[in-house]
Amino acid sequence: MILVLVETGSDGATPTSLETLTFARELAGRLGGETVEALIIGPLGAGEASAGGPEAQERVKEKLSAQLAEQGVDSIHHAAGERLERYGASGWATALGAVPAAYVLAAGTPRGSEVLAHVAARAGAMMAANVVGIVDTEPLVLSRQVMGGGVFEHMRLDGAPRVLTVAGHAVDPVAADDASAPVWHEFEPELSDADLVTAVVRVETGAPDATSTLTGARVVVGAGRGVGSADGFDDLLQLRDQLGAALGASRVVTSLGWRPHHEQIGQTGSRISPEVYLACGISGAVQHWAGCQSAKMIVAINTDPDAPMVTQADYAIIGDLHQVVPALTAALRRRESSGG
Amino acid sequence: MVNLLVCIKRVPEIAGEILLSQDGHSIDARHVGHTLSEHDECAIELAVGLAGDTGGEVRVLSLGTAEAAEQLRYAVALGAGAATLITADPESYGPADVAAAIAAEVRASPAAYDLILVGNDAADTGDFQVGVRLGFALGRPVLTGINTAEIHGSSVLARGAGPQGTDVFEVPLPAVMAVQEGGVEPRYPSIRGRLKAKRLSIDRKDPLIEPIGSGRVKLTLPPTKPSTVQILGEGPDAVPALVEILASSGVLNR
């Protein structure tokens with residue numbers, strides 16, 4: 001059986017969890033004879049829905065049932081209980097261990113990676129992180145991202161269980177040919193006191209975290225060194241607001257302290273997959289590509305026609321972003337006011 | 001007083017084209033420099049800060065070739081007081097091996113480390129598991145994705161980004177933490193630090209375990225995509241063409 005850890009938000013399963021389910025189905029097809037089952041841990045909606053009470057939980061549950069049925073999942077296991085109210089990797093690993101499986105999968109998110117590392121460590125098994133494809137099944141050889149996505153490693157994954165995380169945006173979440181009618185199994189795993197030691201004691205929501213806005217945005221305006229200074233963001237912020245977009249930044253920009261780290265796109269920042277990525281004044285280092293290569297369309301605005309961001313983009317305007325971006329914002333405003 | 005161990009890794013510094021070795025088993029790093037993973041730099045910064053706050057000490061440790069001394073000395077220049085090099089070919093060590101080798105070294109060491117820090121994942125192999133495996137091997141609580149930390153008596157209060165905001169953890173010492181970039185700003189080495197690093201004698205050890213390996217069969221490069229960029233023009237004159245493209249992509253209809 002292939003067990004997929006499904007992370008949830010107020011919209012049901014997170015997009016990367018749906019991608020992982022699609023990957024799991026492909027793996028099941030290649031292996032032959034394996035079923036795909038889902039495990040959800042803790043309050044549905046990762047705390048958001050639980051704050052809304054039982055009704056909100058029920059809404060998320062309905063949504064999840066529909067999404068997981070569409071993904072052809074055979075069974076849904078839901079580990080709940082007082083000791084799982086707050087996230088803790090050790091407790092989640094115990095919950096995963098309560099559902100025996102030959103293959104354990106999660107999205108390559110911070111939590112997915114952390115929990116599966118616990119599962120692998122406990123089992124004395126290997127773990128393949130950020131898998132993007134299946135090379136072979138006998139023996140199992142997977143392709144995974146290394147060097148921030150700039151290189152693929154073919155890795156032989158042995159052990160029991162076989163533990164792997166699926167890189168974000170490596171596969172498109174596709175519905176199964178035949179939807180399933182998965183049954184919910186609620187259970188309360190037995191967590192030890194040691195499992196609770198590393199649980200979250202509280203969540204501080206004071207500082208808005210734009211990370212989820214960035215990773216889920218349809219349009220992202222990216223800012224690089226070409227912005228020039230911390231005071232040079234007005235043009236980009238106006239364009240962001242006009243487009244209803246999210247603002248992202250290259251590592252240089254966050255390292256220089258021009259923008260906060262949670263806006264960073266790239267190997268050590270967020271991985272985005274918008275419809276359109278407008279990369280402004282970004283040269284396009286390998287580490288930045290690791291975070292933006294899943295964009296459906298990339299438009300570069302840059303003074304250097306030879307910058308990798310330009311040569312690998314779909315469209316480009318050669319020029320100073322401080323001239324091009326205000327002109328673009330103005331043109332979009334005119335178009336909007338004329339009802340275009 | 002809190003004594004800290006920071007485990008760091010020498011990684012190729014990739015800025016341009018990546019080349020593979022002839023056997024396709026490793027990165028051809030002959031013509032590139034080497035550096036520390038960004039997360040490792042933050043782990044050093046966090047450790048040096050915590051040691052300064054509590055009057056403790058920082059030792060840095062790396063498993064790697066003799067050249068990894070360069071990264072250890074850099075960490076000493078940043079404020080670490082001592083360095084250990086477990087001399088081994090890192091290519092033959094998988095993440096479980098690295099964790100086992102460090103755990104064995106920690107157990108054999110007379111020093112008692114209250115807090116062991118690692119980077120959240122290595123910039124080259126991106127395995128996301130050494131910290132967790134190390135915590136498991138030593139029977140210590142382990143946190144990952146940590147941005148900042150404070151010592152409160154016999155426990156550490158740590159913060160990291162979570163899906164709903166900042167997750168706060170409080171775990172008893174001794175503990176292991178995997179540090180993620182974003183909470184602390186790594187300092188630059190001082191002249192005094194550089195001099196100290198130059199003079200420092202690195203403790204060289206042999207690994208106490210036999211590696212199993214990483215499971216690597218080979219490396220491949222993504223197919224190089226020929227440039228298909230359509231240059232829309234220069235400067236603001238090109239804006240109308242871009243507006244048309246954005247309009248036809250559907251993203252302007254909100």
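Everything quoted here is computed from the prediction, not taken from an experiment. Quick note on labels: first sequence line is chain A, next is B, and so on, each numbered from 1.
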Problem - Residue, of A:D320, A:T109, A:V197, that accumulates the most heavy atom pairs under 4.5 Å with chain B - result: A:V197
Handout entry: Proximal component of A:A290, with respect to chain B [non-hydrogen, under 4.5 Å]
Key = neither
Exercise for the section: Measure across A:M127 and B:R133 and return the closest heavy-atom pair with its distance rounded to 0.1 Å. Expected result: N-NH2, 3.6 Å
Fill in the blank from the handout: So, the part of A:L157 with a heavy atom under 4.5 Å from chain B: the answer is neither
Problem - Side chain, backbone, both or neither of B:L232 within contact of chain A (heavy atoms, under 4.5 Å) - result: both
Completion exercise
The interface call for B:F136 against chain A, heavy-atom contacts under 4.5 Å, is side chain
Exercise for the section: Assess whether atom CZ of B:R30 is packed by more than 12 heavy atoms of other residues, nucleotides or ligands within 6.0 Å. Expected result: no
Completion exercise
CG (B:L252) and CD (A:E336) are apart, to the nearest 0.5 Å, by 9.0 Å
Exercise for the section: Name the option with the most non-hydrogen atom pairs under 4.5 Å to chain A; the candidates are B:N120, B:L157, B:L221, B:L219. Expected result: B:L219
Handout entry: Side-chain (B:Q230) to main-chain (A:A316) donor-acceptor, under 3.5 angstrom
Key = no
Handout entry: Closest heavy-atom pair and its distance - A:M126, B:S214
Key = CE-O, 3.5 Å
Problem - Proximal component of A:N130, with respect to chain B [non-hydrogen, under 4.5 Å] - result: side chain
Exercise for the section: Drop me the distance from B:E185's CD to A:L256's CG, to the nearest 0.5 angstrom. Expected result: 8.5 Å
Fill in the blank from the handout: When the 4.5 angstrom heavy-atom criterion is applied to B:V142 and chain A, the contacting part is both
Exercise for the section: Mind listing the closest non-hydrogen atom pair of A:T311 and B:S227 along with its distance? Expected result: O-OG, 2.5 Å
Handout entry: Residue part contacting chain B, namely of A:A89, when any heavy atom lies under 4.5 Å
Key = neither
Problem - A:R111 vs B:P163 side-chain heavy atoms within contact, under 4.5 Å - result: yes
Practice task
Answer with side chain, backbone, both or neither: which region of B:A123 has an atom nearer than 4.5 Å to a non-hydrogen atom of chain A?
Solution key: both
Problem - Among A:R156, A:E7, A:Q267, residue most engaged with chain B (heavy-atom pairs, under 4.5 Å) - result: A:R156
Practice task
Measure A:Q323 against the heavy atoms of chain B and call it side chain, backbone, both or neither at under 4.5 Å.
Solution key: both
Exercise for the section: Heavy-atom pairs under 4.5 Å with chain A are the metric here; pick the option from B:L246, B:D121, B:L242 that has the most. Expected result: B:L242
Exercise for the section: Heavy-atom distances under 4.5 Å only: say whether B:E234 touches chain A with side chain, backbone, both or neither. Expected result: both
Exercise for the section: Compare all side-chain heavy atoms of A:P110 with those of B:T144 and state whether any distance is below 4.5 angstrom. Expected result: no
Problem - Which portion of A:V219 sits near chain B, non-hydrogen atoms under 4.5 angstrom - result: side chain
Handout entry: A:V151, part contacting chain B, at a heavy-atom distance under 4.5 Å
Key = both
Problem - Segment of A:V141 engaging chain B (4.5 angstrom heavy-atom cut-off) - result: side chain
Problem - From OG1 (A:T268) to CD (B:E41), nearest 0.5 Å - result: 10.5 Å
Handout entry: Derivation of the side-chain contact (heavy atoms from CB on, under 4.5 Å) call for B:V229 and A:D314
Key = CA-CA 5 Å; B:V229 65; A:D314 298 296; over 6 Å; no
Problem - Heavy-atom closest contact (B:P222 atom, A:G150 atom, distance) - result: CD-O, 3.1 Å
Exercise for the section: Could you grab the distance from atom NE2 of A:H154 to atom CZ of B:R216, nearest 0.5 Å is fine? Expected result: 11.5 Å
Exercise for the section: Examine whether an atom of A:H261 lies under 4.5 Å from a heavy atom of chain B, and if so say whether it belongs to the side chain, the backbone or both; otherwise answer neither. Expected result: side chain
Handout entry: Side chain / backbone / both / neither for B:H25 at chain A, heavy atoms under 4.5 Å
Key = neither
Practice task
Name the region of A:Q264, side chain, backbone, both or neither, that has any atom closer than 4.5 Å to a heavy atom of chain B.
Solution key: side chain
Practice task
Apply salt bridge (Lys or Arg N to Asp or Glu O under 4.0 Å) to the pair B:K218 and A:E153, showing each step before the final yes or no.
Solution key: CA-CA 6 Å; B:K218 65 170 183 176; A:E153 175 186 71; over 6 Å; no
Practice task
Mind checking the CD-CZ spacing from B:E170 to A:R202? Nearest 0.5 Å is all I need.
Solution key: 8.0 Å
Problem - Option in A:V324, A:L142, A:V200, A:V146 with maximal non-hydrogen atom pairs under 4.5 Å from chain B - result: A:V200
Fill in the blank from the handout: If one checks every heavy atom of A:L321 against chain B at 4.5 Å, the contacting part turns out to be neither
Handout entry: Under 3.5 Å: donor-acceptor pair, side chain of A:E275, backbone of B:V251
Key = no
Completion exercise
If one checks every heavy atom of A:A125 against chain B at 4.5 Å, the contacting part turns out to be backbone
Exercise for the section: Check whether any side-chain heavy atom of A:E114 lies under 4.5 Å from a side-chain heavy atom of B:Q129, and answer yes or no. Expected result: no
Handout entry: Distance, nearest 0.5 Å, that separates CZ of A:R86 from CZ of B:F169
Key = 10.5 Å
Problem - chain B contact via A:V325 - side chain, backbone, both or neither, heavy atoms under 4.5 Å - result: neither
Exercise for the section: Give the intermediate values and the outcome of side-chain contact (heavy atoms from CB on, under 4.5 Å) for residues A:V203 and B:T166. Expected result: CA-CA 5 Å; A:V203 177; B:T166 302; over 6 Å; no
Handout entry: Heavy-atom check, side chain of A:V276 versus side chain of B:I245, under 4.5 Å
Key = no
Exercise for the section: Please assess B:D127 against A:R144 for the test salt bridge (Lys or Arg N to Asp or Glu O under 4.0 Å), listing each intermediate value before the final yes or no. Expected result: CA-CA 10 Å; B:D127 290 306; A:R144 69 181 201 94; 2.8 Å; yes
Fill in the blank from the handout: Interface check, chain A: of B:V168, B:V132, B:V239, B:V217, most non-hydrogen pairs under 4.5 Å belong to B:V168
Fill in the blank from the handout: Under 4.5 Å to a heavy atom of chain B? For A:M147 that would be both
